[in-house]
Number of protein chains: 2
Amino acid sequence: MISNAIIRRLPRYRRYLGQLQRQGVQKISSNELSALIGFTASQIRQDFNTFDNFGQQGYGYSVDYLYSEINKILGLDREYKTVLVGVGNMGQAITNYNYYYKVGFNIIGLFDSNPKLIGNTINDVVIKDVSELEDFVKENGIDVGIICVGRNNAQEVADMLVNAGVSGIWNFAPIDLEVPDTVALESVHLSDSLHTLAFKIKTNEESKK
Amino acid sequence: MISNAIIRRLPRYRRYLGQLQRQGVQKISSNELSALIGFTASQIRQDFNTFDNFGQQGYGYSVDYLYSEINKILGLDREYKTVLVGVGNMGQAITNYNYYYKVGFNIIGLFDSNPKLIGNTINDVVIKDVSELEDFVKENGIDVGIICVGRNNAQEVADMLVNAGVSGIWNFAPIDLEVPDTVALESVHLSDSLHTLAFKIKTNEESKK
DNA sequence: GGTGTAATGTGTAGGTATTAACAGGATATT
DNA sequence: AATATCCTGTTAATACCTACACATTACACC
């Protein structure tokens with residue numbers, strides 16, 4: 001069982017390795033990576049070795065190899081059929097973000113309950129009525145549902161997605177959803193993040209005194 | 001010095017206490033809170049006692065009092081003058097989100113470099129050219145800058161904000177910004193979150209076998 | 001007003017996570 | 001081919017975080 005602390009670091013490793021790859025860097029040592037990312041070299045080596053021995057003594061790590069291995073570990077070596085529910089401001093932003101930074105989560109269905117939105121298209125995907133959600137998910141073997149509806153409807157939408165058989169939910173509503181533990185859940189709590197910022201500002205100001 | 005683990009839990013306490021308050025609940029015990037939030041009762045008591053003794057033995061915690069104390073701890077008992085840079089999809093979504101869930105971060109300036117956007121208004125705030133950013137921040141005593149520009153311009157914008165004297169930055173660009181440690185930084189890495197989801201899905205599927 | 005009960009505050013133990021230290025293997029250089 | 005250097009993999013130590021357990025205090029009820 002991989003610890004949560006490591007899981008949270010993996011995407012960051014991936015991010016930097018992707019950058020290095022784009023820059024054409026071939027090899028990197030844990031020390032160099034440390035200077036770049038900010039984790040200690042020791043931690044970096046520990047993290048990698050929880051999975052496998054990716055490096056070579058006296059040489060370092062091959063950027064290409066490490067990058068592709070981390071992609072495999074993260075499960076980014078495949079496509080995820082995805083739907084998004086709630087095409088408001090946030091939903092549209094996520095749709096376009098996802099379209100722009102293409103990373104294997106293909107949004108092939110958009111759903112909303114607002115009649116004004118239904119029928120419109122974003123990036124060639126038609127917005128359907130949310131009543132069609134469950135059938136669509138079942139028929140198309142959807143893997144992931146993105147929830148961008150408000151606080152009050154989020155659990156309901158999550159239940160639909162779970163019933164229809166998705167394996168993961170990416171949630172932007174500001175509540176903690178209840179899903180069976182066979183379904184992966186990852187929530188982005190924007191307000192929590194903002195409040196953390198407020199706390200940091202306050203702490204900084206106090207330490208100035 | 002408050003540990004990072006606690007800081008990350010504080011907004012969550014706040015979220016649940018706000019909910020309880022809206023429901024008219026007056027008092028709550030650490031056990032009841034535990035059942036609700038999912039942290040152990042012991043941890044909840046420990047967390048609160050790092051700050052002060054908020055509870056009363058034999059009674060529990062007053063929801064109203066605890067909520068207001070946590071708000072103070074988080075620095076949410078004041079207003080933050082805020083600007084947002086990069087009024088693309090994400091920027092607009094955040095602007096409206098913020099407007100909707102009002103929490104003391106008042107966006108009074110919007111900035112972009114796209115001539116098509118400059119001059120438009122969102123929630124009565126005019127979008128200005130990014131060249132006016134620094135002066136605006138200085139003249140209006142802006143506390144917080146929200147960065148919603150792309151990867152390539154984010155650091156540049158951050159530098160401007162820092163130069164102009166903000167005390168905090170909320171960053172949505174997918175890079176780790178460099179700011180002096182007098183400036184609070186909180187980043188929302190959407191792709192990191194999505195990759196974490198991918199990992200969880202993969203792990204779930206493997207455990208099924 | 002006395003007594004039982006509920007629930008906090010806190011000292012301590014146990015468990016995780018991070019950092020440090022070093023042994024050993026691979027590379028490069030002469 | 002021998003040797004010095006580099007850098008990993010891994011063990012050991014430290015620091016941090018979480019959970020347990022219980023003494024203590026306030027409340028409520030008779």
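Every heavy atom of this structure was used, including side-chain atoms; hydrogens, water molecules and symmetry mates were not. Every chain is numbered from 1, with letters handed out A, B, ... down the list of sequences.
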J.: For A/T40, give me all partners under side-chain contact (heavy atoms from CB on, under 4.5 Å), at least two apart in sequence or on another chain.
T.: A/S42, A/Q43
J.: Between protein and nucleic acid, restricted to nucleotides 19-22 of chain C and to nitrogen or oxygen atoms under 3.5 Å apart, what atom pairs and distances do you find?
T.:
{"unit_1": "C/dT19", "atom_1": "OP2", "unit_2": "A/T40", "atom_2": "OG1", "d": "3.2"}
{"unit_1": "C/dT19", "atom_1": "O4", "unit_2": "A/Q46", "atom_2": "NE2", "d": "2.6"}
{"unit_1": "C/dA20", "atom_1": "N7", "unit_2": "A/S42", "atom_2": "OG", "d": "2.9"}
{"unit_1": "C/dA21", "atom_1": "N6", "unit_2": "A/R45", "atom_2": "NH2", "d": "3.2"}

J.: Excluding sequence neighbours, so at least two apart, what forms salt bridge (Lys or Arg N to Asp or Glu O under 4.0 Å) with A/K200?
T.: B/E186
J.: Return the set of residues passing salt bridge (Lys or Arg N to Asp or Glu O under 4.0 Å) with A/K72 (not counting sequence neighbours), or none when no residue passes.
T.: A/E69
J.: Among all residues two or more places apart in sequence or in another chain, which pass the salt bridge (Lys or Arg N to Asp or Glu O under 4.0 Å) test with A/K202?
T.: A/E206
J.: In chain order, what residues pass the side-chain contact (heavy atoms from CB on, under 4.5 Å) check against B/S30, with sequence neighbours excluded?
T.: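 If we apply the side-chain contact (heavy atoms from CB on, under 4.5 Å) test to B/S30, skipping adjacent residues, the hits are B/A41, B/I44, B/R45, B/Y61.
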J.: Side chain to side chain donor-acceptor pair (under 3.5 Å): which pairs involve residues 163-185 of chain A, sequence neighbours left out?
T.: A/W170-B/S193, A/N171-A/S187, A/D176-A/H189, A/D176-B/R12, A/D176-B/R15, A/D176-B/Y16
J.: Determine whether the side chains of A/Q21 and A/D64 contain a donor N or O and an acceptor N or O closer than 3.5 Å.
T.: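 Yes, A/D64 and A/Q21 have a side-chain donor paired with an acceptor closer than 3.5 Å.
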J.: Where along residues 19-29 of chain B does a heavy atom come under 4.0 Å from DNA chain D, residue by residue in number order?
T.: none
J.: Are any of B/S30's side-chain N or O atoms less than 4.0 Å away from OP1 or OP2 of C/dT8?
T.: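 Affirmative; the distance criterion is met.
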J.: Note the angle between the end axes of the helix from C/dG1-D/dC30 to C/dT30-D/dA1, five pairs defining each, rounded to 10 degrees.
T.: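 Helix axis angle between the two ends: 20°.
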J.: Does anything in residues 49-63 of chain A reach DNA chain C, meaning a heavy atom under 4.0 Å, and if so which residues?
T.: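 A/Q56, A/Q57, A/G58, in order of number.
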J.: Under a criterion of less than 4.0 angstrom to any heavy atom of chain A, what are the 5'-terminal and 3'-terminal contacting nucleotides of DNA chain D?
T.: D/dC6 to D/dA12
J.: Identify, with sequence neighbours excluded, every residue that meets salt bridge (Lys or Arg N to Asp or Glu O under 4.0 Å) alongside B/R151.
T.: none
